[in-house]
Amino acid sequence: MTGFSVSLIVSNFSNVASYLSPIFETIPSKVVPAQIEKVVSLVSRTGRDLQRYDNSGYRQVVGCVPYRYKTQVVNGRESKEIEVLLISAQKGKGMLFPKGGWEIDESMEEAALRETIEEAGVTGELEEKLGKWQYKSKRHNIIHHGYMFALLVDQEFERWPEAEMRQRKWVGLEEAREVCQNWWMREALEAFVNLKCHTEEEEVGIEV
């Protein structure tokens, strides 16, 4: 799904423009391209008027396991270690992967990219869907269906919509298993490990 990248956000400018920060209005047009390389829209979508539900009334949620390859040299041999990006929970303690509501005016892939930009401030190449999970919301006591994708990160923004309320941290797979607070996201992480690491470690020397 190489087409679902940051170019998708640009091509779908009508959606993005609706919540671009007024800061860009003060930047001379000739320098805007350089400025937006590290800055994305500074306001998240809010409200649930466009929220998608299935026929059973279950809220549809989409997210990503953002990852990158970290190259290291051990005993003269180069290897690549996978790191994943976790974000702090908006309320309470704990770390998790970016996710949020899938809305009726976007595809599942667009929702996954949007939520990852809004909550974690990264984007990249959206890859395989890792699975579907059913869980109950602790805050609203309703059933959700959660879908997760692998996302190979190629851009990390300095400013993003939820930067004021969330921390983000790149961690190894073992640490991610320990600190991720949601059981279904830990299962999504294991699905990611099985999909990416076990099939590629001999090809590229990935450390799990």
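A salt bridge is defined here as a Lys NZ or Arg NE, NH1 or NH2 lying under 4.0 Å from an Asp or Glu carboxylate O, and R177 with E190 meets this definition. Ionic pairing of R68 and E83 is present here: one or more N-O contacts between side-chain nitrogen and carboxylate oxygen are shorter than 4.0 angstrom.
The shortest distance between side-chain heavy atoms of E115 and P98 does not fall below 4.5 Å. Side chains of L96 and L86 form no contact here, defined as non-hydrogen atoms less than 4.5 Å apart. For the pair F97/N182, no side-chain contact is recorded, criterion being any heavy-atom separation below 4.5 Å from C-beta on. The shortest side-chain heavy-atom distance between K169 and M95 falls under the 4.5 Å cut-off. Taking the side chain as every heavy atom from C-beta outward, L195 and L130 approach each other to under 4.5 Å. Taking 4.5 Å as the limit, some side-chain heavy atom of K196 sits within range of a side-chain heavy atom of Y67. Between E127 and L152 there is a side-chain heavy-atom pair separated by less than 4.5 Å.
Although no hydrogens or angles enter the test, the distance criterion places a donor-acceptor pair under 3.5 Å between the side chain of E110 and the main chain of S107. The main-chain N or O of T116 is never found under 3.5 Å from a side-chain atom of E119 such that the two would form a donor-acceptor pair. In this structure, D54 contributes its side chain and G57 its backbone to a donor-acceptor pair below 3.5 Å.
Atom CD in E164 sits 11.0 Å away from atom CD in E162 (nearest 0.5 Å). D49 contributes atom CG, which lies 11.0 Å from atom CG of D105 (distance to the nearest 0.5 angstrom). Atom OG1 of T123 is separated from atom CG of L113 by 5.0 Å, given to the nearest 0.5 angstrom. Taking NE2 from H144 and OG from S137, the interatomic distance works out to 4.5 Å, rounded to the nearest 0.5 Å. Atoms CG and CG, from L85 and L151 in turn, are 9.5 Å apart once rounded to the nearest 0.5 Å.
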Problem set entry | Residue pair R59, Q51: steps toward the side chain to side chain contact (heavy atoms under 4.5 Å, CB included) verdict | CA-CA 7 Å; R59 184 176 180 235; Q51 179 60 59; 3.0 Å; yes
Exercise. Run the side chain to side chain contact (heavy atoms under 4.5 Å, CB included) check on V171 and V84 step by step: do they pass?
Worked result: CA-CA 6 Å; V171 299; V84 295; 4.0 Å; yes
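Of all the heavy atoms in A188 and M148, the pair that sits closest is CB-CG, 3.9 Å. The two residues W170 and P66 come nearest to each other via the heavy atoms CZ3-O, 4.0 Å. Across C64 and L126, no two heavy atoms sit closer than the pair SG-CD1, 3.6 Å. The shortest non-hydrogen separation linking E106 to E103 is OE2-N, 3.1 Å. Heavy-atom minimum distance, F149 versus V62: CE1-CG1, 3.9 Å. The minimum heavy-atom distance linking D154 with G124 is given by the pair OD1-CA, 3.3 Å.
Evaluation of the side chain to side chain contact (heavy atoms under 4.5 Å, CB included) rule for R186 yields C180, W183 as partners, not counting sequence neighbours. In this structure Y58 satisfies the ring pair (Phe, Tyr, Trp, His ring centres under 6.0 Å) test together with H145, sequence neighbours excluded.
A continuous path of hydrophobic side-chain contacts links F192 to Y135 [ILVMFWY only; heavy atoms under 4.5 Å]. Following chains of ILVMFWY side-chain contacts shorter than 4.5 Å, one cannot reach I143 starting from Y53, and the two form parts of different hydrophobic clusters.
For the pair K80 and Y69, the distance from NZ or CZ to the six-membered ring centre is under 6.0 Å and the angle to the ring normal is within 45 degrees. Geometrically, R168 engages W160 in a cation-pi contact defined by less than 6.0 Å to the ring centre and at most 45° from the axis.
The neighbour count for Q134 CD, taken as heavy atoms of other residues, nucleotides or ligands under 6.0 Å away, is above 12.
Cluster partners of V73, using a side-chain heavy-atom cutoff of under 4.5 Å among ILVMFWY residues and allowing indirect links: none.
Checked against Y147 for a side-chain hydrogen bond (donor to acceptor under 3.5 Å, both in side chains), the options K129, K99, E109, Q60 give a single hit: Q60.
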